[in-house]
Amino acid sequence: MPSFPALLRDDVTEAEAERLQGEFKARVQLRPLPMPRTATGVDIAYQTTSSAAAVAAAVTVAIPSMKLIETAQVAGSCPFPYVPGLLAFRELNLVSRALQTLDQPVEVLLYDGHGIAHPRRFGAASQLGLAFGIPSIGCAKNRFHGSMAGGLEAGRFATAPIRDDATGEVLGVAMRMQDNAKPVYVSPGHLADIASAVEIVKACAGGSRLPEPIRQADATARKHVRFFEE
DNA sequence: GCGACAG
DNA sequence: ATCTTGTCGC
């Protein structure tokens, strides 16, 4: 059960959503997180770009074997529009419903989006982790807030810091999951720090560009979205 | 005013 | 995010 259900609402206005982020962002905690035994990836697949029909999936795998432990998926709607900075209000309601159908406890959440690498240091990964009081890590496919400092080497697991353009504060890292692959953007969500987040995402590396828990959640969600449409 | 803009 | 075939490469 979530500690802060308000962070999972999808029936708020944009103004209310921003107010909620401002109210809760200070409760995010960054600290070392010991290597967990499992990681749970979550993702959503939509039937249409702008519409609400979607399927959320949660997949728990063992670390470091990446063997499947449990998977859950739920179909529903995401009525809140996509607004840069407010992704949480579009996705977390459905995501939370998928999470609550898991039988096994969740040790750390890997979210397909940013954590503190966000204009208000409160991306969807942070909001999800805080809502449930569970450690979370953001792992996004594209940069959103901040810029990469310096160059990024070509090899697997090469990293480069992502820092706030105004303050210079390091918010996360860009990291290649495979040689020469486009990097993913890793930032702490909640109850983890940058170093821990990087080590955990590394431990979840498989053979693709995305960490295995997220790749599997993505695959599961789109498979079911397709099935529900037919 | 002109870009930038997670999914 | 999603619409989409073949094609280049490991």
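Below, chains carry the letters A, B, ... as their sequence lines are ordered, and counting in each starts from 1.
- If you take CZ of A:R90 and C1' of C:dA1, they are 8 Å apart, rounded to a whole angstrom.
- Side chain of A:P84, nearest nucleotide from B:dA4, B:dA6, B:dG7: B:dA6.
- A:N142 has a side-chain polar atom (N or O) that falls below the 4.0 Å cut-off from OP1 or OP2 of B:dG7.
- Of the side-chain N and O atoms in A:Y82, one or more sit less than 4.0 angstrom from OP1 or OP2 of B:dA6.
- Using a cutoff of 4.0 Å between basic side-chain nitrogens and carboxylate oxygens, A:D10 and A:R90 are not scored as salt-bridged.
- Cluster membership check: A:F80 does not share its hydrophobic cluster with A:L8, using side-chain heavy-atom separations under 4.5 Å among Ile, Leu, Val, Met, Phe, Trp and Tyr.
- Taking atom CD on A:E91 and atom P on C:dA1, their separation rounds to 9 Å, with Å as the unit.
- Heavy atoms of A:G85 sit under 4.0 angstrom from at least one base atom.
- Nucleic acid contact class of A:L92 (heavy atoms, under 4.0 Å, all strands): none.
- A chain of hydrophobic side-chain contacts below 4.5 Å, direct or via other Ile, Leu, Val, Met, Phe, Trp or Tyr residues, connects A:L92 to A:V106.
- Distance, A:D179 CG to C:dC10 C1': 11 Å, rounded to whole Å.
- Between A:R19 and A:E16, none of the side-chain N atoms (NZ, or NE/NH1/NH2) sits under 4.0 Å from a carboxylate O, so this pair counts as no salt bridge.
- In this structure, the CD1 atom of A:I162 is 14 Å from the P atom of B:dA6, given to the nearest Å.
- Remark: C1' of B:dA6 and CD1 of A:I44 are 13 Å apart, rounded to the nearest angstrom.
- Within the 4.0 angstrom heavy-atom criterion, base atoms lie near A:H118.
- One atom, CD1 of A:I214, and another, P of C:dA1, lie 11 Å apart when rounded to the nearest Å.
- B:dG7 atom C1' lies 8 Å from atom CG of A:D43, rounded to whole Å.
- Between A:K141 and B:dG7 there is a side-chain N or O to OP1 or OP2 distance below 4.0 Å.
- Close to C:dT2, at under 4.0 Å from its OP1 or OP2, lies a side-chain N or O of A:R222.
- Note on A:A54: nothing from the nucleic acid sits closer than 4.0 angstrom, heavy atoms only.
- Distance A:L94 CG to B:dG7 P: 18 Å, rounded to the nearest Å.
- Per the stacking criterion (ring centres < 5.5 Å, plane angle < 30°), A:F144 stacks onto the base of B:dA6.
- Between A:R121 and A:E169, at least one side-chain N (NZ, or NE/NH1/NH2) sits under 4.0 Å from a carboxylate O, which counts as a salt bridge.
- For the OP1/OP2 pair of B:dC5 and a distance below 4.0 Å, the side-chain nitrogens and oxygens of A:R143 include at least one atom meeting the criterion.
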